[in-house]
Structures are given as C-alpha cells and as structure tokens.
Amino acid sequence: MIIESVVLHHIRMPLRSTFEISSSRSDDRDCILLEVIADGILGYGECVADRDPGYSSETVGTSWHILQEFLVPSLLGKNIAEPGDIHKEIRNIKGHLMSKAAVEMALWDIKGKKEGRSLRSMFGGVHSKVKVGVSVGIQSSPQILVKTVEDYINQGYKRVKLKIKPNKDVKETQAVREAFPDILLQVDANSAYTLETADALKPLDDLGLLLIEQPLSEDDIIDHAQLQSKFKTAICLDESILSTRHARQALDLGACRIINIKPGRVGGMSEAISIHDLCLKRNIPVWCGGMLETGVGRAANLALASLPGFTLPGDISATERYYFEDITRQWFTLNPDSTITVPEAAGLGIDIDQKNLEKYTLTKLALP
Ligand code: OSB
Ligand code: MG
C-alpha cells in the first residue's frame, strides 16, 4: 500500500476521575489521533504518549515533533507491503516507539479494511472476548481506596490493580486485601523504588498478589533480577521492556516472571506480537497493558489480547471507567464475566464520531 497523506489531531478528553500514578496525576487525557490514507483507504492510529513525561520520555509534544518532522516525511509516498514493514523504512529514527506504533496501527486498520478482515483475524487471535481488570489510581487514604475498589468490584471487575508509591503501598494494599480476600489483586509502582527502598515492599509478598509491576527504574533489568530473587511474588515488567530483545534478556536474567505488553511502548503491534510469541514459547504469562486509550487504541488492544498467550486479565476496562464520551461510536462495556468483546468488523472495527473528534481536538495538522 502507498501511504498518501496523514492528519494529526491533538486530543484532550476529560477523565471521569483523577488518575494518579507514582510519577504523575491527571484529570484529563491527551493523545494524538492519526488519520492515515493509503491506497485511498482511511485508517486510524492512536499515539499513546501522554502530555507529561511521567511514564515515558515520549510526550504528545515529542511525538508531534517526530511525526511531523521525521516519521511522516520518511513514509509519505512509500509502498509498504505489511504494516510491520514500516520499521525498515524508519530504522534510522531512533526511539520514539509510541509515535511509530501509532503509524503502524493505522496501517493495520487500512490493511484490514482492504482485505475485509478484523485485527483479531489478522493477528491470529483465538478469543472473541478477553478477560479484563481495572487499574486503580493512588487515592488519598486506604479507606477511600477500599471504597473505590468496592465500586469497581460491584461493576463486575474480577481483577484489580492498585497503583502504589513509597509510603502509599503496604497499608493500602493490605486494606484492600483484607476487605476482598479472594479478588485477583496486583500492584504497579511505575518505577518508584530502588533496590534499597524496595525492601519496604516485603510485606506485599504475603498478600497473595498476582504480580508486582515495575517496582524499579524504567531502564533497569539487572536490579529487577536481584529483587525477583528475594520475592516469592512474580515481578512483572512494563516500562523496562521496549523490544523482544529486552524481553528475552529480562527472562534470561530472571528479572521478571510475567510481562505486561503495551503495543505503544514497544513500537507497534508487530513487536508486541513478537514478544507474545517469545513468551508463549517460554511459558511466560503475558497481559495487555493500557494507557487510558480512546476507543481507537482500546479496539487495537482487545485484538492483541485475543492471542493465546494473554492468559492474565488486561488493563482494558470499559469505556465508562475512563470517559463521559468517546471519539468512537463504539462504547466498550464490561460483560458479566469480567470480559470485553473483541471487535469483529474489518480493520480496528471502530467508527469515529466526527462530532466528538472535533469537540476534543485542540490542534490539527495535515501532512503533506
Ligand atoms: O503503568 O500501566 C501503567 C496508565 C498510564 C500510564 C501507565 C500505566 C497506566 C495504567 C492504566 O495503568 C491502565 C488502563 O489504561 O486502564
Ligand atoms: Mg504499568
């Protein structure tokens, strides 16, 4: 397919509730929506970089710059056989994986629309519904946290992830575990600890958690291996895994026993599927992480999570957990068994609500 044109939209949508992680706090969510036209077909991609560099060094600002100045100019007019082939064309652009992933996502949407196939079918997904959980931001007290978790459990979520940071960790997680002894529970530190300060997390090892996500630095693998050797609970890496090579090295070193796969973080669906394949071969459970996506990225994540190795519930919650309105006409809902149904229509399987897209777009840029 020949890439003809790209339009960038900087989007900002208010969140239903403040989302706080160890490094940042937000009341709304920014992203870049890409409209790509190839062979006359329009496809959408979502760049999951946030407004601030709290989770990743990529931001909406850096992504806009890299897309406008480097990625899109390198790809316009190019004939790309498969979505994953863009990486050969742009291999001299280092990093900026979320920006690259957004372009790849749009090409998957276009390929699917052209061939009349869903993302799930093209990826080889085996589930029509995927198990999901909810990621709960840091709250002001253990009592409020327990109440927040209770609300989500009442909505039907059967797996809960708690965001933690130093001094907002053990007490909070113990309170939730006491209130809900049987719930599937896990925590995510977003790299807030060091090998030394992570000693404070030792009491978590007795709470029957599914996993402890990214306790140490976002660029570390070695210290995580040391930490894993001191914990019974599985360590799961998120930020530290940017490629299949990282995943292989982390597993070889014993730095984790579970991997959170986010297509944006690793540069796109092709790399995400490759990490899945490696983990499946090695019997390492994986799950699909989330970045508070709009319906566009959510549809893509659901398709990814339908692959057979995604045996743990993903951070893919119902639309209403995040937003009052969405830029897609599709409104993803939670099934009673704590699953969400994977879209089956061609491509991403979503339609854009043009009115909402306009309403939530701050800036727009057409290239060329
Ligand atoms: O670490 O998984 C994370 C959101 C923003 C940045 C980092 C993370 C998250 C989440 C949200 O946990 C998960 C979701 O989209 O529901
Ligand atoms: Mg995480």
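We number each residue from 1, following the sequence as shown.
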Salt-bridge criterion met for Asp205 and Lys202 (N-O under 4.0 Å): yes
Salt bridge (Lys or Arg N to Asp or Glu O under 4.0 Å) evaluation trace for Lys158 with Asp337: CA-CA 8 Å; Lys158 294 200 199 309; Asp337 58 351; over 6 Å; no
Nearest atoms (heavy-atom pairs only) where Thr311 meets Lys131: O-NZ, 3.0 Å
Over all atoms of both residues, closest heavy-atom pair of Val136 and Leu145: CG1-CD1, 3.8 Å
Rounded distance (nearest 0.5 Å) linking atom CZ of Arg159 with atom CG of Leu210: 7.5 Å
Backbone of Gln330 reached by a side-chain donor or acceptor of Asp326 within 3.5 Å: no
For Glu239 against Arg265, the heavy-atom pair lying closest together: CA-CD, 4.0 Å
Enclosure of Glu150 CD (heavy-atom neighbours >12, cutoff 6.0 Å): yes
Distance in Å, Leu348 CG paired with Lys113 NZ, rounded so as to fall on 0.5 Å steps: 7.0 Å
Transitive ILVMFWY side-chain link Leu76 to Leu67, under 4.5 Å: yes
Co-membership, hydrophobic cluster, residues Val48 and Leu97, 4.5 Å side-chain: no
Which atom of Ser23 lies closest to which atom of Tyr55, heavy atoms considered: OG-N, 4.1 Å
Under 3.5 Å side-chain donor-acceptor pair for Ser121 and Ser118: no
Donor-acceptor contact present, side-chain Asp28 to main-chain Arg12, <3.5 Å: no
Arg321 side chain to Ser135 backbone, donor-acceptor under 3.5 Å: yes
Verdict with reasoning, Asp188 to Gln214, per side-chain hydrogen bond (donor to acceptor under 3.5 Å, both in side chains): CA-CA 6 Å; Asp188 186 359; Gln214 196 70 38; over 6 Å; no
From NZ (Lys359) to CD1 (Ile327), nearest 0.5 Å: 13.0 Å
Note, Ile80 side chain near Leu75 side chain (heavy atom, < 4.5 Å): yes
Pair Ser99, Glu58: side-chain N/O donor-acceptor within cut-off below 3.5 Å: yes
Between OG on residue Ser240 and CG on residue Asp219, distance to nearest 0.5 Å: 7.0 Å
Shortest non-hydrogen separation from Ala198 to Phe231 and the atoms involved: O-CZ, 4.1 Å
Cluster link Ile258 to Phe310, ILVMFWY, side chain under 4.5 Å: no
Interatomic distance, Met269 atom CE to Ile261 atom CD1 [nearest 0.5 angstrom]: 10.5 Å
Over 12 foreign heavy atoms within 6.0 Å of CG, Asn167: no
Residues Glu104, Lys100; criterion salt bridge (Lys or Arg N to Asp or Glu O under 4.0 Å); working and verdict: CA-CA 6 Å; Glu104 201 195 303; Lys100 292 173 179 172; over 6 Å; no
Plane angle bin for Trp64 and His10 - parallel if under 30°, tilted between 30 and 60°, otherwise perpendicular: tilted
Identified side chain to side chain contact (heavy atoms under 4.5 Å, CB included) counterpart of Cys256 within the set Asp238, Ile284, Leu237: Leu237
Value rounded to 0.5 Å, distance of CH2 in Trp287 from NZ in Lys161: 4.0 Å
Test log, rule side-chain hydrogen bond (donor to acceptor under 3.5 Å, both in side chains), inputs Ser217 and Asp223: CA-CA 9 Å; Ser217 182; Asp223 283 355; over 6 Å; no
Side chain proximity check, Glu271 to Leu242, heavy atoms < 4.5 angstrom: no
Leu312 versus Pro285, closest heavy-atom pair with distance: CD1-CB, 3.9 Å
Heavy atoms of other groups near Glu358 CD, more than 12 under 6.0 Å: no
Under 3.5 Å donor-acceptor, Lys364 side chain and Val7 backbone: no
